[in-house]
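Being a predicted model, the structure only gives us computed values, none of them experimental. Chain naming here is simple, since letters A, B, ... match the order of the sequence lines and numbering starts at 1 in each. The figures that follow rest on heavy atoms only: side chains count, while hydrogens, waters and symmetry mates do not.
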Number of protein chains: 2
Amino acid sequence: MNQKIFVSAKEVADRAGVSRSAVSRTFTPGASVSEETRRRVMEAAEALGYHVNHLARGLMRNESGLVCLIVSEMDTPYRSSLIRAISHQLQSVSKVAMLINTDRSDKSVDDALRLAISYRADASIILSGMPDRSITDLCMKSGQRLVLINRDEEREGALMINLHDREAARRALIAFQRAGCSRLAFANSDVGTPSLMAREEGFVEAADDAGIDVVVERFGPTRYQSGVVLAQRLLTREARPEAIFCANDLLACGVLDTARHQFKLAVPEELCVIGFDDIEQSSWSSYELTTFAQPVDLIAKEAVAWLTHPAPADGTASRIRADLIWRGSVRGG
Amino acid sequence: MNQKIFVSAKEVADRAGVSRSAVSRTFTPGASVSEETRRRVMEAAEALGYHVNHLARGLMRNESGLVCLIVSEMDTPYRSSLIRAISHQLQSVSKVAMLINTDRSDKSVDDALRLAISYRADASIILSGMPDRSITDLCMKSGQRLVLINRDEEREGALMINLHDREAARRALIAFQRAGCSRLAFANSDVGTPSLMAREEGFVEAADDAGIDVVVERFGPTRYQSGVVLAQRLLTREARPEAIFCANDLLACGVLDTARHQFKLAVPEELCVIGFDDIEQSSWSSYELTTFAQPVDLIAKEAVAWLTHPAPADGTASRIRADLIWRGSVRGG
DNA sequence: TTGTATGCGTTATCAG
DNA sequence: CTGATAACGCATACAA
């Protein structure tokens, strides 16, 4: 069944009439080989269909070229675009992404991290959940780098990339105020992800400061269908909100659809909505959603740069600003 | 920088007071170890933070546990849900997905496949593009299994998973006929992916058989924005189509939005639309798109089952039926 | 059941 | 610039 048939450096060396070291050097960037031997090696390698065994190379160098991406609900628009951006960046520095699905449990994140260690991954990037401190310590001790995206929690030696969620929430409030909205609401899922909570808290605080009340509603996973439920709850209140800030775009789409189709509300005339992420659907003409853009390419670039570049201090935190994209779901853009 | 600090089987053996073979056996499912030694080994391993080195193990067994996913535009709804399903299935059989981004060029697919060989991936699953025959031959010769999804092209020894695209297209025609539509159109991208072309050809053929004319329009990548352009072209024709079958849901969403918002057409009263894939957005209340469902979980299951199970004949082809999901974009569901 | 010895394909070291 | 040799961490055939 499993025919071995992998051609090794020795075979190439024999055919080319050189030592196996010469073969190794030919495929090691920046090694010194004469033009002549390189040519002969390449020729033999081509003929035999030789490919460097990255497993063996990784074993020697203690560096596999693998980077572990740990993520749940990866078929969600924002997540998948972040994955695309990161894997693309990784490839540009000759690394490759290992993709690991988790459910929401922190234990599954721990398992993923263990797997990363088993494969001697050069690094792990966590997009969902939060591993136990004992595991992250193990990662650091193993010389494995760690990047936490939107986790908003400290981990010794790891790179933390976060957005200015609270500050963005303040700007959302200002936008609503300028639109003349006074009855405000915040629509959130009930999963309690740090970045989602930061948006909620930032919005409520900002409203507090301005002496405005905010109705906060939380429900279900962070998905479209939850947005539907949230809208039903919010829009049936006696004092119907004039503006809803949603924890992310998926919720906002559900809210918008429900407001328009079920409650026959005109947006933005009767209801203003702001989301977060700027997923592709937000720009579709059924939504025209005003939202904060997550700069996924920038996030990916920062993450990968930190992985390859010797770290400045070792662990670092990065805060990125989310730009407000004005579309039609808020008056007076 | 790169502290070595990976604990090896030898260290565990020393601490447990056994030979390193005992350690190896403890972590090899189905090896014979006494309960006593197993316990002591596990204890030592736990204490030291030992993890089997999958690189070394893969080197020995010539089998890495890695499966390469080759895909372009992976942040697209259908693609990302397929990736989720596959990676999930892989994890359930203790394999892990290596994710490789390609652009549309076949050369980038070749490169991805070479990388898979370098990592001694157990298999490669191709979701986009088509590699050169010389490369696929190399894969087979290297004992690397190959799965082609929706590629609709033969490759010796590979598993090909396809849908009944042509047959589905026939059913789309019937649905339109039952809705009383006579002026028909097909909206396609211009990338010429086999499965997309099969849907187009199947639809045109079925219409031919029924003596009906079909306007075919092709434009751009297979994305929402292309749907917008396609709708503009189709809906400004003298004889405006009453029904449009779109090569996939993303195009259909663009068509629907444009028909409604720009041309003020009522769906399904003045225009019927059918898509393909059943992405999540199709069920959103702004679309209510009637569409053919790609059974991603089934596809993933078949692919992974074939990878783990000794192949029936070696290479195989699988055709899966796409169910029509009736929603509001066609009259008389 | 256990330990010993050997080999997997590389790269790094060092002598030439 | 080149070639021999020693690791790397593990699995396994073989002997005990």
Colleague: Check the distance between dC8(C)'s P and Glu11(A)'s CD and give it to me in whole angstrom.
Modeller: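 Going from CD in Glu11(A) over to P in dC8(C) covers 11 Å.
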Colleague: Between Asp106(A) and Met130(A), is there a donor-acceptor pair closer than 3.5 Å when you use the side chain of the first and the backbone of the second?
Modeller: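 Yes, Asp106(A) side chain to Met130(A) backbone: donor-acceptor pair under 3.5 Å.
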Colleague: Taking atom P of dG9(D) as reference, at what distance in whole Å does atom CD1 of Ile117(A) sit?
Modeller: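 Taking atom P of dG9(D) as the reference, CD1 of Ile117(A) is at 15 Å.
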Colleague: In whole Å, I'd like the distance from the CG atom of Leu55(A) to the P atom of dC10(D).
Modeller: 13 Å
Colleague: Tell me: CZ of Arg61(A) to P of dC8(D), nearest whole Å?
Modeller: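 Value for this atom pair: 17 Å.
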Colleague: For the pair made of CZ in Phe6(B) and P in dA7(D), what is the distance, rounded to whole Å?
Modeller: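 From Phe6(B) CZ to dA7(D) P: 21 Å.
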Colleague: Quick check for you: among dT12(D), dT11(C), dG9(C), whose closest atom lies nearest to any side-chain atom of Val52(A)?
Modeller: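 For the Val52(A) side chain, the nearest candidate turns out to be dT11(C).
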Colleague: Expressed in angstrom and rounded to an integer, what is the separation of Arg38(A) atom CZ from dC1(D) atom P?
Modeller: 10 Å
Colleague: Can you measure Arg120(A) atom CZ to dT10(C) atom C1' for me and round it to whole angstrom units?
Modeller: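 Roughly 16 Å, once rounded to whole Å.
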Colleague: Minimum heavy-atom separation for Glu11(B) and Val7(B), please, with both atom names.
Modeller: OE2-CA, 3.6 Å
Colleague: For the side chain of Arg57(A), starting at C-beta, report the closest nucleotide among dT11(C), dT2(C), dC8(C).
Modeller: dT11(C)
Colleague: Could you note down all residue pairs passing ring-ring contact (aromatic ring centres under 6.0 Å, His included) where residues 92-139 of chain B supplies at least one of them, sequence neighbours left out?
Modeller: His54(A)-Tyr119(B)
Colleague: Return the nearest nucleotide to the side chain of Ala9(A); candidates are dT11(C), dG9(D), dT10(C).
Modeller: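 Looking only at side-chain atoms, Ala9(A) lies closest to dT10(C).
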Colleague: Taking only side-chain nitrogens and oxygens of Ser34(A), does any of them come within less than 4.0 Å of OP1 or OP2 of dC1(D)?
Modeller: no
Colleague: Pick base, sugar-phosphate or nothing for Tyr50(B), based on heavy-atom distances below 4.0 Å to the nucleic acid.
Modeller: sugar-phosphate
Colleague: NA contact type, His51(A), heavy-atom cut-off 4.0 Å: base, sugar-phosphate, or nothing?
Modeller: sugar-phosphate
Colleague: Between the protein and nucleotides 3-6 of chain C, list the N/O to N/O atom pairs that are separated by less than 3.5 angstrom.
Modeller:
from, atom 1, to, atom 2, distance (Å)
dG3(C), OP2, Ser19(B), N, 3.1
dG3(C), OP2, Ser19(B), OG, 3.1
dG3(C), N7, Arg25(B), NH2, 2.7
dG3(C), O6, Arg25(B), NH1, 3.4
dT4(C), O4, Ser21(B), OG, 3.1

Colleague: Which heavy atom of Pro194(A) sits nearest to which heavy atom of Arg151(A), and what is that distance?
Modeller: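 Taking Pro194(A) first and Arg151(A) second, the nearest heavy atoms are CG-O, 2.9 Å.
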Colleague: Could you go step by step and tell me if Arg20(B) and Val12(B) meet the side-chain contact (heavy atoms from CB on, under 4.5 Å) rule?
Modeller: CA-CA 8 Å; Arg20(B) 65 182 105 195; Val12(B) 177; over 6 Å; no
Colleague: Without decimals, in angstroms, what is the distance between Asp14(A) CG and dG3(D) C1'?
Modeller: 13 Å
Colleague: Examine dG9(C): is either OP1 or OP2 under 4.0 Å from a nitrogen or oxygen in the side chain of Tyr119(B)? Give yes or no.
Modeller: no
Colleague: Is there a side-chain contact (heavy atoms from CB on, under 4.5 Å) between Phe27(B) and Val41(B)? Walk through the geometry before answering.
Modeller: CA-CA 9 Å; Phe27(B) 288 97; Val41(B) 168; 4.1 Å; yes
Colleague: Start at the 5' end of DNA chain C and walk down; is the nucleotide closest to Leu59(B) or to Glu36(B) reached first?
Modeller: Glu36(B)
Colleague: Ser32(B) side chain: which of dG9(C), dT1(C), dC10(D) is closest?
Modeller: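 Closest nucleotide among those given: dT1(C).
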Colleague: Suppose we call two aromatic rings close when their centres sit under 6.0 Å apart. Are Phe6(A) and Tyr50(A) close by that rule?
Modeller: no
